[in-house]
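Heads up: numbering here begins at 1 and tracks the sequence.
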Amino acid sequence: MAAPGSPLAHDHGQRAMLSSAFGPTPSLSLPSDFDYSRFVLPELLLDVFDYLPQRDLLSVSGVCRRWRSLALSHPNLFYHLALNVDVARADVWKTLNTFCAGLLYLRTRNRRASVAVDWSRLSGVTDTVDRIAIIKSESSLSSSSVTLAVRIVMEAIGDSLAILNKISLTFGAPPDFIFPNTVFPFLSCASAPQLDKFALTVFAPLMDDPIVLSPSLFKGVAPKLRDVTLRGVCLDCQSHPALAAASVVDLDLVKLWGSLSSCFPNVHELKMRHLSMFTTIHSLIGTLRNLAFGFSLGMADMGVVLKPFARVPRTLITVNASINGSSGDLTLASFFGAPHEPELYIQLLGNSVDMVQLAVSDKHADAEREAKFARIFAFTGFNDAALRGILGKTLRPLTRRIVNVVVAEALLELLPEFFDSLPALESLHVEWSPEASPAPLSSSFPNLNASGTRVHVPKLRHLQLIASSYTGNPLLRVEVPAERLRRVLRPQGSLLQDYVGVKLKQFLVQDEMTGDFAAVDSDKEYRAACVGHDAHGHVCTIMYSTGPNAGGFPVGHFGAQSFM
C-alpha cells in the first residue's frame with residue numbers, strides 16, 4: 001500500500017463508499033461465464049493500481065467499464081505526447097496540429113498529460129556536418145517559420161499547464177530571441193498545480209547572450225514540482241518560487257547566481273556537472289541524501305576542499321585529472337566514515353586507466369538501500385602512476401575494515417600494491433573480461449606486482465570468479481589463468497571457489513596444512529571437501545580441505561549444488 005501522506009495514498013473512506021456501488025452479493029448459482037472480478041473491492045483494486053507503471057495502468061483502463069472508471073481517476077494515470085519538430089519536413093504543420101489537437105482533447109476532458117518536445121533539429125545539431133549546413137541555411141531563411149512553430153506548440157502547452165504533470169523541452173542552438181519572446185511567456189502564463197517533473201535542455205547554449213531562466217515560471221506556483229533538470233541555461237537562485245518544492249535536481253548551468261539553498265530549499269538529491277565553485281552547494285550538505293558532481297583537479301589541498309561532502313550519505317563523484325594527468329596529494333579516505341566503523345564493501349572496476357570506478361559502502365551491493373553511506377568515485381584522464389597513487393592513498397587507511405571486495409581482473413594485480421594483508425576480508429569476487437583474460441597480466445598497468453608479494457587473506461572463505469559478460473551459454477565460458485590468482489592471494493584455511501561463466505586454466509588447489517594456493521595440472525593428490533557441477537557437467541564450485549572442518553564448511557555440504 002502507498003505510504004500515508006504520499007501522492008499515491010487514497011482515502012480509505014472513499015474506497016469503502018466505492019465498494020458498495022459495484023457488484024451484487026455473490027449467490028450460490030452463478031453462470032459459468034460470470035465475471036468474478038466484480039467481487040474484488042474497489043479499494044483493493046486501487047491499491048494494486050498504486051504499483052502499476054504508467055503503461056500498465058493505461059492497459060487496465062480497457063479491461064472493463066468498472067476498471068476504466070477507477071483507472072481514469074487514479075493519480076498515476078497520464079497520457080504522454082511526444083513531438084520532434086523539424087521545419088524542413090513537408091508535413092511539419094500537420095505534425096504540430098496533431099500534437100496541439102491531442103493536448104486540446106486531454107484538456108477538455110481534464111486528463112493528466114506528459115509532454116516531451118524536441119526542437120534540436122531546428123539548428124541541425126543532431127545531423128552530419130553537411131546536413132547541419134543545409135538545415136542552418138534553411139532555418140536562417142525561414143526564421144519566421146521557426147518562430148511560428150515554437151509559438152504554436154508553446155501556446156498549446158501554456159493553455160494546458162493545469163493538466164500537465166511532466167514537461168520536457170529540448171533545444172539545439174536556438175535563436176537568441178526564442179526564449180524571452182516565445183518560450184518563457186507561455187510557461188509563465190498560468191500556474192502548474194499538477195506538475196511533477198520539468199526539464200529544460202539546451203545542447204548548444206548561447207555564450208554571447210545566454211538564456212536566463214524566467215523568474216515568473218508557472219506564475220511562481222508549482223506545489224508538486226519534485227524533479228527539475230536544467231541544462232545550458234543561467235539560473236538566478238533568488239527569484240524562482242516555482243522551484244521551491246523540488247527534491248531531485250539535475251543542473252548543468254552556464255552560470256549561477258546566489259546560493260542553491262535559497263532556490264531549492266527541499267532538495268535531497270542533487271546532480272551537478274563540471275562543478276568549479278564548491279561553495280555553491282556547501283549550504284545544502286546538511287539536507288542532501290544523494291549528491292553527484294564532477295570536477296577537474298586544479299587546486300591544492302583538494303582533499304580538504306572535498307571533506308565537507310563526506311557528510312552526504314550517498315555520493316557519486318567524477319574526478320578528472322589535471323592537464324598532465326597527475327593527482328597531486330588527493331586522498332578520499334575521509335569519505336568512508338570513522339576508522340572505528342567495522343565493515344566496508346568495496347568495488348574496484350574498470351578495464352584500463354582511461355576510466356576506473358571505486359565504490360565503497362557499509363553494506364553489500366544487494367543491500368545498498370540500507371547502507372548508511374555509499375561512495376562512488378569515477379577517475380578519468382589519470383596516468384598510470386597517478387591513478388595507482390590516488391587509489392593507494394585512499395584504500396590503505398581502510399585495510400582493517402574491508403570484508404568484501406569486487407575487482408575487475410584488469411586491476412587484480414593492484415591489490416598487492418595497496419595491501420600487505422586484508423585481515424577482515426571474507427569474500428573476493430573477480431570479474432573476468434573475455435578479451436583480456438588470456439593475457440598473463442593486464443596491459444593497462446605494466447610492471448604490476450614486480451616484487452612478487454601477495455596479499456595475506458587469513459579470513460577469506462569465498463572466492464567467486466565471474467565472467468563480466470556471462471550470457472548463460474556453457475560454450476562461451478571465459479578461461480581464467482589460475483596462476484594469476486595464486487600470484488596475488490595468500491589464503492589461510494579452506495575457501496569455497498565459485499565459478500560463474502568461467503573455467504580455470506589448471507587447478508587452483510590449496511595445501512592441506514597451510515591453505516596456501518598452488519596452480520597444478522592435476523589435483524589428484526589434493527583432497528576436495530566438496531565439488532559442485534552445473535547442469536552441463538562443468539565444475540561450478542569446489543573447496544579443498546585444509547583441516548578437520550574444511551575451513552568451517554562441513555564436508556559435502558555444497559556437494560552437487562549449482563551456484564551458476
Between [atom1] on residue [X] and [atom2] on residue [Y], distance to nearest 0.5 Å:
X: Leu358; Y: Thr394; atom1: CG; atom2: OG1; value: 7.0 Å
X: Lys271; Y: Leu316; atom1: NZ; atom2: CG; value: 8.0 Å
X: Glu269; Y: Thr287; atom1: CD; atom2: OG1; value: 12.5 Å

Exercise for review: Go through the steps for Ser120 and Asp118 under the test side chain to side chain donor-acceptor pair (under 3.5 Å), then give the verdict.
Suggested key: CA-CA 6 Å; Ser120 60; Asp118 187 343; 2.7 Å; yes

**Study point:** Test side chain to side chain donor-acceptor pair (under 3.5 Å) applied to Thr170 and Thr201, step by step
**Key:** CA-CA 5 Å; Thr170 303; Thr201 299; 4.8 Å; no

Between [X] and [Y], is any pair of side-chain heavy atoms under 4.5 Å apart?
X: Asp250; Y: Val228; value: no
X: Val267; Y: Ser247; value: no
X: Leu332; Y: Phe379; value: yes
X: Val406; Y: Leu349; value: yes
X: Arg314; Y: Phe373; value: no
X: Phe382; Y: Val319; value: yes
X: His429; Y: His462; value: yes
X: Cys237; Y: Ser259; value: no

Review point. What are the two closest heavy atoms between Arg400 and Ala424, and how far apart are they?
Key: O-CB, 3.7 Å

Exercise for review: Could you tell me which residues satisfy salt bridge (Lys or Arg N to Asp or Glu O under 4.0 Å) with Asp420, sequence neighbours excluded, listed by chain and number?
Suggested key: none

Any donor-acceptor pair under 3.5 Å linking the side chain of [X] with the backbone of [Y]?
X: Thr541; Y: Gly532; value: yes
X: Asp362; Y: Lys372; value: yes
X: Gln464; Y: Tyr499; value: no
X: Arg231; Y: Leu251; value: no

**Study point:** Carboxylate-amine/guanidinium contact Glu343 Arg401, below 4.0 Å
**Key:** no

Exercise for review: Could you please spell out the steps behind the ring-ring contact (aromatic ring centres under 6.0 Å, His included) verdict for Tyr526 and Phe507?
Suggested key: CA-CA 10 Å; Tyr526 296 85; Phe507 290 90; 9.3 Å; no

